[in-house]
Amino acid sequence: MADKKFYITTPIFYPNAKLHLGHAYTTTLSDILARYHRLMGEKTYFLTGSDENTQKMVEAARKEGKEPLVFLDEIVSKFSSLFKELDISYDQFIRTTDQKAHWPGAQKLWGKLADSGDIYKKGYEGLYCVGHEAFITEKDLVDGKCPDHGTVPEFLKEENYFFKLSKYTEPIKAKILSGELEICPQSRRNEILALLEEGLEDVSFSRPRKADWPQGLGVPVPGDNSQVMYVWCDALANYITALGYANEGDLYKTFWPANVQVLGKDILRFHAAIWPAMLISAGVPLPKALLVHGFITSGGKKMSKTLGNVIDPEELLAEYGTDAVRYFLARHISPFEDGDITREAFKDAYNADLANGLGNLVARIMKLAEDNLERGARPEPEEFPHEYTDALKKFEVNKAADVIWERIKLLDQQITDTAPFKVIKTNPEEGKELILALTQELYGIGRMLNPFMPTTSKIIKEAIVNNKKPGNLFVRKE
RNA sequence: AGCGGGGUGGAGCAGUAGUAGCUCGCCAGGCUCAUAACCUGGAGGUCGGGGGUGCAAGUCCCUCCCCCGCAACCA
């Protein structure tokens with residue numbers, strides 16, 4: 001058990017705008033799993049990062065009249081401040097412009113693919129949409145413009161390197177069917193199998209280096225400086241380059257293959273098709289599991305600026321605090337399907353579950369303890385309930401949280417049923433025993449809360465040990 | 001056109017054949033340790049429509065309607 005390892009990754013995020021609630025969800029979900037495995041004594045490594053070699057970032061920067069690399073640093077520092085506010089315990093933040101940490105590994109991976117005969121050069125001409133960073137077909141155009149971006153595409157003639165993805169349709173299918181590559185939930189697994197049934201097409205793997213790109217942006221294709229890697233070999237590679245794939249050092253040897261790679265449903269295809277194909281081609285083991293979550297909607301609709309239903313994570317954090325936001329994301333959003341959030345629903349959950357539920361329970365038990373016990377309890381560590389650990393093993397963080405809140409309800413009932421506040425007046429010894437038992441149960445809740453609400457967990461456990469009622473944990477909101 | 005997800009008491013959800021559950025809200029009672037909290041009880045659903053299979057169907061089959069998403073280089 002002690003030498004078990006756990007490697008978990010989030011996707012790397014696009015730095016062309018600040019992060020939204022969806023990113024906060026991916027990251028919080030991953031963090032809960034990472035903290036859980038640390039709690040279980042496993043050697044854990046948690047990677048997140050940013051996907052920086054993108055045209056969109058360059059455009060976003062120029063729109064604001066900023067130097068791309070300066071703009072990039074600003075945005076990425078906002079990423080880390082959001083992660084800090086969410087109490088994300090990542091071990092490493094990989095940036096794909098990092099020429100020491102990322103580039104050598106990406107280039108090594110490219111080399112392996114080339115060695116396997118899976119990289120070839122092909123001319124391509126067509127209409128290129130800058131917004132898509134891709135070629136689009138004439139029939140997609142509306143009034144000669146890209147319907148998504150409203151811009152006129154340019155006619156481009158390029159030579160690119162391609163990756164023989166088509167070759168890997170069957171091998172990937174076999175890995176998924178054998179369970180070597182697990183895809184959670186089942187519905188996503190089915191989806192990707194259906195896609196594989198249709199067969200995969202080769203994908204373009206490079207772009208000619210743009211004259212206006214700043215130095216330091218874009219990983220050069222080995223042996224051809226006129227080309228930079230396109231997103232696949234660049235971005236997806238981060239999961240291994242961050243561990244030092246370039247020289248296959250200790251970190252890499254210890255942690256790869258990943259135990260779980262967390263991602264949103266929009267990038268399933270890339271992670272379940274292109275990424276495994278690259279790894280097979282390079283002779284690198286596949287991640288054990290992909291955890292594919294849904295989107296967060298608001299009022300049943302995809303959040304969008306035009307609908308005006310966007311809820312910013314910063315806004316919730318400012319009003320309710322870190323652990324409350326983590327709580328909502330963990331318990332009220334499913335790790336497998338789309339989840340919904342509204343300000344109203346958040347407030348209701350906050351009041352019911354945190355203020356009236358957890359917060360009030362801590363207050364009533366700790367008041368009894370502080371007033372009647374001579375000293376704090378010294379609870380012995382005990383096993384976690386199976387329903388809790390089983391749920392977390394299956395990535396069902398919401399179910400695991402349910403287990404905690406079932407206990408909270410039970411404890412509230414227990415206080416009413418055993419009435420220690422009454423017993424203490426007539427039979428002090430028995431009253432104290434009842435109260436001590438309550439603090440021990442509460443301590444168990446504190447321990448289970450650790451992955452979900454790290455600060456709250458700590459406050460509760462310390463309160464019990466020190467026999468001191470803490471201030472209100474969650475103030476009721478009207 | 002296709003693919004995927006979904007339509008269950010006021011709201012949000014669980015429930016893949018055998019007396020319809022949970023949370024929030026609402027009503028009544030209890031308690032007084034607690035953050036006007038907590039506990040108990042109650043009202044409220046012909047489980048989107050129609051047809052079928054079964055002794056028995058939210059639960060299986062067919063069909064129709066409605067909502068949401070995806071549709072390969074877009075977190």
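In what follows, chains are A, B, ... by sequence order, proteins preceding strands, each numbered from 1. These figures come from a predicted structure and were not determined experimentally.
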Step by step, would you call A:Phe336 with A:His293 a ring pair (Phe, Tyr, Trp, His ring centres under 6.0 Å)? CA-CA 5 Å; A:Phe336 306 131; A:His293 68 253; over 10 Å; no
Could you go step by step and tell me if A:Asp338 and A:Lys265 meet the salt bridge (Lys or Arg N to Asp or Glu O under 4.0 Å) rule? CA-CA 9 Å; A:Asp338 287 357; A:Lys265 65 181 182 181; 3.0 Å; yes
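Comparing the P positions of B:rA71 and B:rC62 gives an interatomic distance of 28 Å, to the nearest angstrom. For the P atoms, the distance linking B:rG45 with B:rA56 amounts to 26 Å, nearest Å.
Nucleic acid contact for A:Ile365: none, since no nucleic acid atom lies under 4.0 Å from a heavy atom of the residue. If you check every strand for non-hydrogen atoms under 4.0 Å, A:His20 touches a base. Among the atoms of the strands shown, base atoms are found under 4.0 Å from some heavy atom of A:Asn360. Counting any heavy atom pair closer than 4.0 Å across all strands shown, A:Trp405 reaches no nucleic acid atom.
Comparing B:rA75, B:rC38, B:rA72 by their nearest atom to the side chain of A:Asn356 picks out B:rC38. Comparing B:rC24, B:rC33, B:rA71 by their nearest atom to the side chain of A:Ile415 picks out B:rC33.
Look at B:rG58: its glycosidic torsion is within 90° of 0, and that puts it in the syn range. Classified by its glycosidic torsion, B:rG54 falls in the syn category, the angle being within 90° of 0.
A 4.5 Å side-chain heavy-atom check between A:Pro15 and A:Glu52 finds at least one atom pair inside the cut-off.
With A:Tyr161 as the aromatic partner, A:Lys122 does not meet the cation-pi criteria of under 6.0 angstrom to the ring centre and within 45 degrees of the ring axis.
When the P atom of B:rC24 is taken as reference, atom NZ of A:Lys477 falls 20 Å away, rounded to whole Å. Rounded to an integer number of Å, the gap from CG of A:Asp338 to P of B:rC67 is 17 Å.
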